[in-house]
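One structure below.
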Amino acid sequence: MDFIYTILWPIEWLVQLLLIGWHWLWTTVGLDPNQGLTWVLSIVGLTAVIRAALIPIFVRQIRNQRRMLEVAPQLKKIQDKYKGKKDQLSREAMSRETMELYKRTGTNPLSSCLPLLLQMPVFFSLFHVLNDAQGGKDSVGLLSSVGLVHSFQDAQFFGAPLNASFGSQWSKMVAGQPFSWEVMIIAASMVVLMTASQFITQLQIVSKNMSPETKASPQFRQQRILLYLLPFVFLFSGVAFPLGVMFYWLTSNLWTMGQQFLVIRNMPTPGSEAEKAREARLARKGKLRGPEGAPVLVVDEVPVKPVTTQRQQPIGKARAKKAGGKK
């Protein structure tokens, strides 16, 4: 594990540099430098910088997903060609043709995981920084050089130390040692929020931003299973995260949720429900263009009440004679 953190040393240095920069900014505007809120806002600022730096990669991810949709019919032809063939030569030929298709079209099925993979070194670096702070240590030295290591070590948010975790307090409670209810309550709330934000982000993709062809594929069924499984990753692993790391991850999840909402609204997947909703919005505003560039107008239809004729009731002979006598 020390070897991994040695490799991550430059990223830890950058994490501490951003924390110090944001801490200086919040202190300059009047916040208490030793208050937990100041450090929480510094972690939120760190997250915003990291996620903003990943926007170009996120745009490339969206473009790659579009290309993946375009090559989906060709990929299905290859799969149908070797359907039912389980010999080694057929599998190798199928794999070779699939890779040639990806290379020819410039697509990469793993690109959707790239933003998450690039965040993981930052996540582990922040985890290490907080763990060091718990013992008053500073593996990089930047916090010590500006005299903030003890401030960071002792920072509390509503009475809960930022370097504490739900799991550590649970262990103390089971062992009969003094523990912090504040840490357990805040950590449990954070886990619920992290799980909910992750679920909503995946749900809006599955429900609104997939074409009917994609929803009919076996991959969609697998993704729908992951929709319900992934939140449990946060549910069970979040108890081991220090509160500072959980603030980073929750802020990152909220950023992803908002970013995904804007993408689905403004750059929906072709053929999806989100694209139909976007076309309807543009058509109502007169901004939707037809095949020849002419605007497509939507005329609101006024509901017309159906004309009904009153059914004439049968008249008895006595009433008919009486009516005839009155004329």
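All heavy atoms count here, side chains included; hydrogens, waters and symmetry mates do not.
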Donor + acceptor pair across side chains of Glu12, Gln16 (<3.5 Å) | no
Give a yes-or-no answer on whether the side chains of Ser151 and Trp39 include a donor-acceptor pair shorter than 3.5 Å.
->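 Note: Ser151 and Trp39 side chains meet the donor-acceptor criterion.
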Would you mind reporting whether [Y] and [X] have side-chain heavy atoms less than 4.5 Å apart?
X: Lys85; Y: Met94; result: no
X: Arg265; Y: Arg278; result: no
X: Met184; Y: Met173; result: yes
X: Phe158; Y: Ile186; result: yes
X: Leu8; Y: His128; result: no
X: Pro33; Y: Thr38; result: no
X: Glu97; Y: Lys81; result: yes
X: Phe157; Y: Leu37; result: yes

Taking only residues two or more places apart in sequence or in another chain, which ones pass ring pair (Phe, Tyr, Trp, His ring centres under 6.0 Å) with Trp181?
-> Phe179
Stepwise, does the ring pair (Phe, Tyr, Trp, His ring centres under 6.0 Å) test hold for Phe166 with Phe241?
-> CA-CA 8 Å; Phe166 184 95; Phe241 297 157; over 10 Å; no
Taking all non-hydrogen atoms of both residues, which atom of Ala52 and which atom of Trp255 are closest, and how far apart?
->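 Heavy atoms only, the tightest pair is N-CZ2, 3.8 Å.
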Which heavy atom in Val239 sits nearest to a heavy atom in Ser165, and how many Å separate them?
->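 Shortest heavy-atom separation between Val239 and Ser165 comes out as O-CB, 3.8 Å.
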[X] side, atom [atom1]; [Y] side, atom [atom2] - distance, nearest 0.5 Å:
X: Leu254; Y: Leu193; atom1: CG; atom2: CG; answer: 8.0 Å
X: Ser125; Y: Ile7; atom1: OG; atom2: CD1; answer: 11.0 Å
X: Leu143; Y: Gln153; atom1: CG; atom2: CD; answer: 11.0 Å
X: Ile78; Y: Arg96; atom1: CD1; atom2: CZ; answer: 11.0 Å
X: Leu243; Y: Met190; atom1: CG; atom2: CE; answer: 7.0 Å
X: Ser168; Y: Gln177; atom1: OG; atom2: CD; answer: 11.0 Å

Apply side-chain contact (heavy atoms from CB on, under 4.5 Å) to Ile11 and Phe124, showing your working.
-> CA-CA 9 Å; Ile11 302 177; Phe124 285 118; over 6 Å; no
Please test Lys77 against Asp80 for side-chain contact (heavy atoms from CB on, under 4.5 Å), starting from the C-alpha separation and ending with a verdict.
-> CA-CA 5 Å; Lys77 288 181 181 179; Asp80 292 341; 5.7 Å; no
Connected via hydrophobic side-chain network under 4.5 Å: [X] and [Y]:
X: Leu250; Y: Ile185; value: no
X: Leu262; Y: Leu54; value: no
X: Val15; Y: Leu17; value: yes
X: Ile50; Y: Leu25; value: yes
X: Trp9; Y: Leu14; value: yes

Between the main-chain N or O of Arg91 and the side-chain N or O of Ser95, is there a donor-acceptor pair closer than 3.5 Å?
->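 It does not hold such a pair.
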Gln169 (side chain) donor-acceptor with Ser180 (main chain) under 3.5 angstrom = yes
Between Thr256, Asn253, Thr251, which is the residue that forms a side-chain hydrogen bond (donor to acceptor under 3.5 Å, both in side chains) with Ser197?
-> Asn253
Run the numbers on Ile43 and Leu19 for side-chain contact (heavy atoms from CB on, under 4.5 Å), then give the verdict.
-> CA-CA 6 Å; Ile43 293 173; Leu19 277 175; 3.8 Å; yes
Take Ile55 and Gln259 through the side-chain contact (heavy atoms from CB on, under 4.5 Å) test and state the conclusion after the steps.
-> CA-CA 9 Å; Ile55 287 178; Gln259 185 174 254; 3.8 Å; yes
